[in-house]
Each structure stands twice: as structure tokens, then as C-alpha cells.
Q: 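The structure that follows is given in the form of C-alpha cells.
Note: hydrogens, waters and symmetry copies are ignored here, and every other heavy atom, side chains too, is used.
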Amino acid sequence: MPAVIRALIGAVFGIISAVVLSPALAAFLQQTDKNAAIAIWAIAAIMAALGFFAPTIRRAFGRGFLMLGVCFLALPISTLLLTGRVTHELITSAPENDPAAAVIGAGLAGMAATGIATFVGLIAGAIFVIIGLVLALGGQREVIVIDRYRGSASRDYYQPDSRNNTDPSARRSNEPPLRRSEGPSERRKIVAPVRR
């Protein structure tokens, strides 16, 4: 059951990534071409496989966010490809007596679309990549806690002469004296790794 959940997580992120890459798909594919749907489902299948083979659900989310962040970072290039194709089609279909207006209008529209895509893609891509790295690289952690203290008293190993001897005076006489350390001492405690 967890493997199915991880595969579904990957498939959802794959569909979202394909939507983000839709400008590039639209730039290379025709309007009536069925390869666009095939490309979207292929990306979803690849992401589902990545999620399925992830060791934990957290790692599956991490891989999904990483791929989504990469797709958002590639959004300016995808938009540039699409605006280039649109500009080419506008110029070729422009009237012969006034091609300059079509060139200027298509260029300004392409620059505006690419600028907005760059702004959104860089910010969203950086956020998703950071989230993906945190989730994908998280795992076992080993923490070493060091306690430093000066002049600590330590007592030697004490074992009474008899287990049945309950006389407090005899216990005190057999007990070794306290000895104080000369310099600072250290205690190390290793915390057990936590599986995340």
C-alpha cells in the first residue's frame, strides 16, 4: 500500500510538471497532434516510477518537488520557445503592406510573456527545489551532545563485603572517598539516529 501511495504522489507531480512544461510541448507539437497527450502521460509515468522506487513517502514528495522545481526553472525557456513560434506565425501571416507592425507587436508580446515567465519560474523553482532537497536528503541524524563541567566529583566502584550487610556504619567505612578531578572533564552522549 505505501508503494501505491508513493506512485500516486509521483504521478500527481508528473502531471503538474507536464502542465508547467506545456509551453515547450505546444512549441514543438501541432494543434491536432496526439503526441502532446502522450508526452504528458509519459512524464507522469516517469514521475510515478520515481515515486514508486522511493524508500519513503517523504522521499517521494522530495523527488516530486525537485522535478517540479526543475520544470519551473525551465519555464522561461519553454515560454521563449512558444513565443518564438507564435512570432514566426504572426510574421508569416501578416499583410505584405505592413509587416513592421506585426514584427514589433509580436516582439513586445513575446518579451512580456518571457519576462513574466522568468519572474514566476525562478521564484517558484527556487522554492520547490529547496523544499525538494530538504525532503529528499533528509534521513538519519546522529547528534553528539557534549557536557563540559569543571571540578566534578566522581566515586569509584563500590561493592559491600556482604549483600546482606545493612549496617550503615560498615557501608560508610568500606566506601571509598570522593576524588575531585583536576581539570575540565567531558561527557559524551550519542543520541540514537532517528529514521525520517
Q: Take the angle between the ring planes of Phe61 and Phe13 and call it parallel below 30°, perpendicular above 60°, tilted in between.
A: perpendicular
Q: Tell me the closest heavy-atom pair linking Ser17 and Cys71, and the distance in Å.
A: CB-SG, 3.5 Å
Q: Transitively linked via ILVMFWY side-chain contacts under 4.5 Å: Leu25 with Ile15?
A: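 No, Leu25 does not connect to Ile15 through the hydrophobic network.
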Q: Return the minimal non-hydrogen interatomic distance between Leu75 and Pro23, and the atom names on each side.
A: CD1-CG, 4.3 Å
Q: Which atom names give the shortest non-hydrogen contact between Ala113 and Thr83, and what distance separates them?
A: CB-CG2, 3.9 Å
Q: For Arg85 and Ala26, indicate whether the former's side chain and the latter's backbone hold a donor-acceptor pair under 3.5 Å.
A: yes
Q: I need the Arg63 CZ to Ile9 CD1 distance, nearest 0.5 Å.
A: 12.0 Å
Q: To the closest 0.5 Å, what do you measure between CZ (Phe65) and CD1 (Ile131)?
A: 5.5 Å
Q: Rounded to the nearest 0.5 Å, how far apart are CZ of Arg6 and OG1 of Thr56?
A: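 Arg6 atom CZ to Thr56 atom OG1 measures 7.5 Å (nearest 0.5 Å).
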Q: Indicate, with yes or no, if Leu21 and Leu80 share a hydrophobic cluster defined by side-chain heavy-atom contacts under 4.5 Å among Ile, Leu, Val, Met, Phe, Trp and Tyr.
A: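 Looking at the clustering, Leu21 is in a separate group from Leu80.
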Q: Quick one: does any side-chain atom of Thr114 pair with a main-chain N or O of Met111 as donor and acceptor, under 3.5 Å?
A: no
Q: What's the separation between atom OG1 in Thr118 and atom CD1 in Ile123, rounded to the nearest 0.5 Å?
A: 11.0 Å
Q: Can you see which heavy atom on Val129 is nearest to which on Leu66, and at what distance?
A: O-CD2, 3.8 Å
